[in-house]
Every structure is written in C-alpha cells, then in structure tokens.
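Just so it is clear, the model here is predicted, and its values are computed rather than measured. Throughout, residue positions are numbered sequentially from 1 according to the sequence presented. For the numbers below, each heavy atom of this structure counts, side chains included, while hydrogens, waters and symmetry mates do not.
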Amino acid sequence: MKATAPSLAQTVPAEKSWVAIYADLFKARLTFLVLLTTLVGYYVGFRGPVDYLLMVHTLLGTALVAAGASALNQLFERNYDAKMRRTRERPLPSGRLQPQAVLIVGSSAALLGLVYLALAVNLITCGLGAFSLLSYLFIYTPLKRVTWLNTAVGAVPGGLPPLMGWTAARGEFNREGLALFAILALWQLPHFMAIAWIYRDEYAKAGFRMLPVVDPDGHRTGRQAVLHALGLLLVSLCPFVFRLTGPTYLFGALLLGTVFLWYAIQFSRYLTLSRARQLFYASILYLPLLLGAMVLDKLP
C-alpha cells in the first residue's frame, strides 16, 4: 500500500470550488483583459455623456462570447492540454468537468452573447463578436498544430475587443476604431513570443507549432518580437494623430513604446529565459498603462 499511495495521489486532482473551476474554464484573466479593452474602446469612442446602460450591455454580451470561446477552445484542445504542465490542471484534462458539459455551457454562453449583442447593442458589434468567435475556434485553434503563423492569425480575433467597444459606441467602422484594433493586435505578438519562448519545450511536446518550436536558435522569434514592438510604437501614436487624445497621451505612448521596444531588443539579443520573462512582464505593464493614458487624456 505504501508503494502505491503516491501514484494514486497523483491521479486525484486537487480540490477546487466550482467558482474556481469555471473561472479556469472561462479563462477569467483573459476574459477580464477582453472586457478592459472593450471598455476602453467604448469610452474613447463615445461622444457626449457616456451611455452607461449601453456600456453594461456591451460588456455583458462580450463577456458571454469570450467565456464561451474560452470554454470551447479548451474542449477542442483538451487532449493537447493534458500533455503540458501549465495546462494539464484545466477542468477537462484534470477530469473536473466532462466534455459534454463544457460543450453545452460553452456553446450556450457564446450563442447567448451574440444574440444579446445583436438585440441590446447593434448588429455590427454582434458581427464582430461572431467573427472573433469563429476565427478563434476554427482558424486559429487548428492552425496551432500546422504553422507558426498561428500567432499572427490569432492576433486578429484577439485584437477585436476594443473595436467592438468602439462600434458599440459609434455604430460604425472608421480608421479610429481600426487603430485601436491594431494596437491590441500588434501588442500580442511580442507578448506571445515571450510566452512561447518560455514554454517552447512544452509546446513542442504537445504538438503546437509555435515559432520558438520551429526556430530553435531563436533568431526569427527575436526578430518578430522587435518588429512588432516597433510597429506597436508607431501605431500607438494614432489616437493622438486622429485627435482622440491629447499631448499627455502622446508622451506616454512614446515613453511606454520605447521601453517596450527596448525589452524586445534585449530579448532578441540574448534569447534567455530571464529576458523572455522580462519582455512578458513589460508587456503586462505596457498595455494597462497605455490604455489608462488613453482614457485619462481623451479629447471631448
């Protein structure tokens, strides 16, 4: 009995509350980021006194779509998640939830969110939500096992939340809303290059063709991080150029973008785990600081 006890213990997942289990299923931190960027897009795009009821409708519908997408993504990738240390404790590979339950919950949340956006916000925002959901699940997710370009493809649905907030407020596409989309889309590349470099061995084991997996010396990985950080620095100036924000934002965007680019260059030069972690943490700090500057210096 003493010899078998450790192996038995390893097969039993640690106890978690239902709140914690569903927070993992809905990727609570990612969903929070989606809502934060949606909120900024809505606030920056709204003219005159803010319609807070419409804002709540936008956030609720977007949250449901994002939560449903996260659940369905985990359903599709459950066998691959089981092979990675960082994901094997998710609800499906750990056995805390069953695939049928996740299919029902994820599909229901996504569909309800889209219907809610169509009825309570507008059809443009609903359409963007549907495109984000479908491209995330049926283009980006399978491409992760086919080509390293999956990260660039995934940046498209990942960059749509601020544009959804913008169209909820304005009811139209325009260059200002697309600039907000471009900021978030470009930010994701250095952010995920750092993550993929840190976990490249686990991604390889699971069969995910991330760039660091097919680029063992890291030169292309570093180059991609630097190029997209530079592109982000330039695109982040658009809110000032388009007269959405004032000079305080311009100064903040230049400062933050330069610092972020410096960390990307350092990662590219040394390609160590410590430099990858520094770039990751820099990305985590950069985005809320930039969005905060945008909100605080919004022009009427």
Worked verdict on Asp215 versus Trp148 for side-chain contact (heavy atoms from CB on, under 4.5 Å): CA-CA 9 Å; Asp215 175 38; Trp148 67 267; over 6 Å; no
Are side-chain N/O atoms of [X] and [Y] paired as donor and acceptor at under 3.5 Å?
| X | Y | answer |
| --- | --- | --- |
| Tyr22 | Arg96 | no |
| Thr38 | Thr62 | no |
| Asn73 | Thr141 | yes |

Tell me whether [X] shares a hydrophobic cluster with [Y], the cluster being built from Ile, Leu, Val, Met, Phe, Trp, Tyr side chains joined at under 4.5 Å.
| X | Y | value |
| --- | --- | --- |
| Phe131 | Leu133 | yes |
| Val115 | Leu117 | no |
| Leu232 | Trp262 | yes |
| Leu244 | Leu186 | yes |
| Leu64 | Leu59 | no |

Measure the spacing between [atom1] of [X] and [atom2] of [Y] and express it to the nearest 0.5 Å.
| X | Y | atom1 | atom2 | value |
| --- | --- | --- | --- | --- |
| Phe242 | Arg175 | CZ | CZ | 4.5 Å |
| Leu250 | Leu254 | CG | CG | 4.5 Å |
| Arg243 | Leu299 | CZ | CG | 8.5 Å |
| Thr245 | Leu296 | OG1 | CG | 11.0 Å |
| Phe192 | Ser283 | CZ | OG | 9.0 Å |
| Arg277 | Trp197 | CZ | CH2 | 13.0 Å |

Heavy-atom neighbours of Tyr80 OH exceed 12 at 6.0 Å: no
Heavy atoms of other groups near Tyr140 OH, more than 12 under 6.0 Å: yes
Shortest non-hydrogen contact from [X] toward [Y]:
| X | Y | result |
| --- | --- | --- |
| Cys238 | Ala179 | CB-CB, 3.8 Å |
| Met210 | Ala196 | CB-CB, 4.1 Å |
| Pro162 | Leu184 | CD-CD2, 3.5 Å |
| Leu233 | Thr258 | CD1-N, 4.0 Å |
| Leu92 | Gln98 | CD2-C, 3.7 Å |
| Leu180 | Gly41 | CD1-CA, 4.0 Å |

Just so I know, are the side chains of [X] and [Y] near enough to count as touching, which here means a heavy-atom distance under 4.5 Å?
| X | Y | answer |
| --- | --- | --- |
| Phe181 | Leu160 | yes |
| Tyr199 | Ile195 | yes |
| Met55 | Leu39 | yes |
| Leu53 | His57 | yes |
| Arg220 | Val214 | yes |
| Thr221 | Pro212 | yes |
| Arg209 | Thr147 | no |
| Leu163 | Leu178 | yes |

Do [X] side-chain atoms and [Y] backbone N/O form a donor-acceptor pair below 3.5 Å?
| X | Y | answer |
| --- | --- | --- |
| Ser268 | Ala264 | no |
| Arg78 | Leu75 | yes |
| His228 | Gln224 | yes |
| Ser107 | Ile104 | no |
| Asn174 | Gly177 | yes |
| Asp297 | Thr248 | yes |
| Thr31 | Phe26 | yes |

NZ or CZ of Arg275 within 45° of Tyr263 ring axis and under 6.0 Å: no
Ring geometry between Phe138 and Phe76 (parallel below 30°, tilted from 30 to 60°, perpendicular above 60°): tilted
Parallel, tilted or perpendicular: rings of Tyr42 and Phe46 (30°, 60°): tilted
Thinking salt bridges, do [X] and [Y] make one under a 4.0 Å N-O criterion?
| X | Y | value |
| --- | --- | --- |
| Asp24 | Arg90 | no |
| Lys144 | Glu77 | yes |
| Glu202 | Lys83 | no |

Residue pair Ile198, Met193: steps toward the side-chain contact (heavy atoms from CB on, under 4.5 Å) verdict: CA-CA 9 Å; Ile198 294 169; Met193 289 300 163; over 6 Å; no
Test log, rule side-chain contact (heavy atoms from CB on, under 4.5 Å), inputs Glu172 and Thr167: CA-CA 5 Å; Glu172 62 179 4; Thr167 59; over 6 Å; no
From Leu103, Val102, Val105, residue fulfilling side-chain contact (heavy atoms from CB on, under 4.5 Å) relative to Leu72: Leu103
Phe260/Tyr286 under ring-ring contact (aromatic ring centres under 6.0 Å, His included): CA gap, chis, key distance, verdict: CA-CA 7 Å; Phe260 192 28; Tyr286 170 89; 5.1 Å; yes
Worked check of side-chain contact (heavy atoms from CB on, under 4.5 Å) between Phe173 and Leu128: CA-CA 11 Å; Phe173 285 109; Leu128 288 173; 3.8 Å; yes
